[in-house]
Amino acid sequence: EGFGPQEYTAIKMEVAEWSPAAKEALGDKAGGRKVFLVAATLRPETMYGQTNCFVGTGIKYGVFAANDSEAYLCTLRAARNMAYQGSITPRGNIQQLAEIDGSKIVGTKINAPFALNPQVYVLPMENVLATKGTGVVTSVPSDSPDDFQTLTDLRKKPEFYKIDPAWVAIDPVPVISTPTYGDMTAPAVVKQFKIQSQKDTKQLAEAKEVAYKEGFYNGTMLIGEFKGQSVQEAKTKVRDAMIKENKAFAYAE
Ligand code: A2H
């Protein structure tokens, strides 16, 4: 990791239908506000390929008022950063409406902005860090080795992970083409590194580095408004378009 702040794009994924456990835990605490799961990403240009979203089952999340009509679900740590950065109003002030365990959010259906599959499910991921980003990770298995391997694990053992197989039904979507790995960079790199499960964290870290560099320096968009353009060109354009449509905002830490 480099020095200085990391610049993320915070993706706003509106809750379409809460899981029964989340519904019970939250009641009407959001006060009629629309609630969004907020995911921090370094790859906004891949959002066309979201197939689900991940939370950590051992992580505590909060629902925070963003303004009078919207609330954000993320970690308390992230909400504090958002408040200092002015993405939660009034600036510097956080109002926590509810607290909820990650395990209860699993199974919630959300709207994934810009995605080819506009509604996706929240699933558990073992390697979500409470100390990074918002604690919510949007999943793009075509381009993220971590996301692809976690989806693979969940599909193999749905009972073990306490999920409904219907929640992992969406297949990876080709978003970016790379000269070395083709239209599905993450699955190809996971195979190359012989990764077997999301517990192979060391190989996954290497795979992540390889896939990230290949996509960023050599990738071409296969989908969306900037189809045919290089990833380097498209990245900021997709980000700006999402922010303009109020589907995302800048987040740094
Ligand atoms: B990225 P860095 Cl397609 N715990 O978004 C674990 N991982 C987290 C996280 C957390 N709390 N918060 C964010 N992340 C993930 C897309 C993506 C990402 C693709 C390819 C690579 C990639 C879709 N998931 O990241 O440690 C998020 O996944 C590889 C760099 O700050 C976020 O971007 O460098 C990335 O890790 C941030 O990782």
Side-chain angles (χ1 to χ4, degrees), residues 1-13 37-61 73-79 81-82 102 105 110 112-117 120 122-151 170 172-178 181 183-190 195 198-199 201 203-219 221-224 231 234-235 238-239 242 248 250-253:
E1 299 215 340
F3 298 96
Q6 183 76 272
E7 286 285 343
Y8 296 94
T9 304
I11 310 292
K12 293 170 65 177
M13 302 178 292
L37 268 65
V38 179
T41 182
L42 292 174
R43 308 271 325 255
E45 79 285 3
T46 67
M47 293 301 108
Y48 303 103
Q50 295 173 85
T51 62
N52 56 274
C53 163
F54 294 125
V55 294
T57 54
I59 297 178
K60 279 216 188 305
Y61 295 85
L73 187 151
C74 58
T75 57
L76 172 61
R77 189 189 143 275
N81 289 335
M82 288 173 196
I105 309 165
I110 57 172
F114 282 43
L116 201 69
N117 294 285
V120 302
V122 180
L123 299 169
M125 180 190 240
E126 290 173 25
N127 301 327
V128 178
L129 300 169
T131 50
K132 179 192 285 196
T134 57
V136 178
V137 182
T138 182
S139 173
V140 185
S142 54
D143 291 276
S144 162
D146 291 290
D147 300 352
F148 176 71
Q149 189 54 53
T150 304
L151 179 65
I170 302 175
V173 175
V175 176
I176 288 164
S177 165
T178 65
Y181 299 105
D183 294 358
M184 288 280 177
T185 294
V189 176
V190 162
I195 293 163
Q198 62 191 299
K199 296 192 194 300
T201 51
Q203 295 99 302
L204 274 169
E206 288 173 41
K208 174 162 116 174
E209 186 81 15
V210 167
Y212 186 82
K213 285 199 175 132
E214 181 68 8
F216 184 70
Y217 292 106
N218 302 319
M221 300 300 295
L222 293 169
I223 187 173
V231 165
K235 190 187 275 285
V238 176
R239 183 180 202 254
M242 294 188 99
Y251 174 80
E253 63 180 36

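Just follow the structure's listing: the first ligand is 1, and inside any ligand the first atom is 1.
- When only interatomic distances are considered, the shortest N/O to N/O separation between Thr134 and ligand 1 does not fall below 3.5 Å.
- In this structure, the side chains of Met13 and Val122 stay at 4.5 Å or more apart for every pair of heavy atoms.
- Within the 4.0 Å heavy-atom criterion, the part of Lys208 lying near ligand 1 is the side chain and not the backbone.
- For ligand 1, the polar-atom distance check against Arg43 finds no nitrogen or oxygen pair separated by under 3.5 Å.
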request  = Let me see the working for Thr185 and Thr178 under side chain to side chain donor-acceptor pair (under 3.5 Å), right down to the final yes or no.
outcome  = CA-CA 7 Å; Thr185 294; Thr178 65; 3.1 Å; yes
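- Taking distance alone, with nitrogen or oxygen atoms compared against 3.5 Å, Thr41 approaches ligand 1 more closely than that limit.
- Between the Gln50 side chain and the Met47 main chain, a donor and an acceptor come within less than 3.5 Å of each other.
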Step-by-step salt bridge (charged side-chain N to carboxylate O under 4.0 Å, His left out) determination, Arg43 to Glu45 = CA-CA 5 Å; Arg43 308 271 325 255; Glu45 79 285 3; 2.7 Å; yes
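- Both the backbone and the side chain of Leu42 come within 4.0 Å of ligand 1, judged by heavy-atom distances.
- The shortest side-chain heavy-atom distance between Val137 and Val128 falls under the 4.5 Å cut-off.
- Among the atoms of Met47, none of the N or O lies under 3.5 angstrom from an N or O of ligand 1.
- For Met125, no heavy-atom contact with ligand 1 is shorter than 4.0 Å.
- Taking each of Leu129, Thr131, Val175 in turn, the one with a heavy atom nearest to atom 4 (N) of ligand 1 proves to be Leu129.
- Taking only nitrogen or oxygen atoms, main chain and side chain alike, Val137 does not reach within less than 3.5 Å of ligand 1.
- Not a single heavy atom of Phe54 sits less than 4.0 Å from an atom of ligand 1.
- Residue Thr46 touches ligand 1 through its side chain alone, judged by heavy-atom distances below 4.0 Å.
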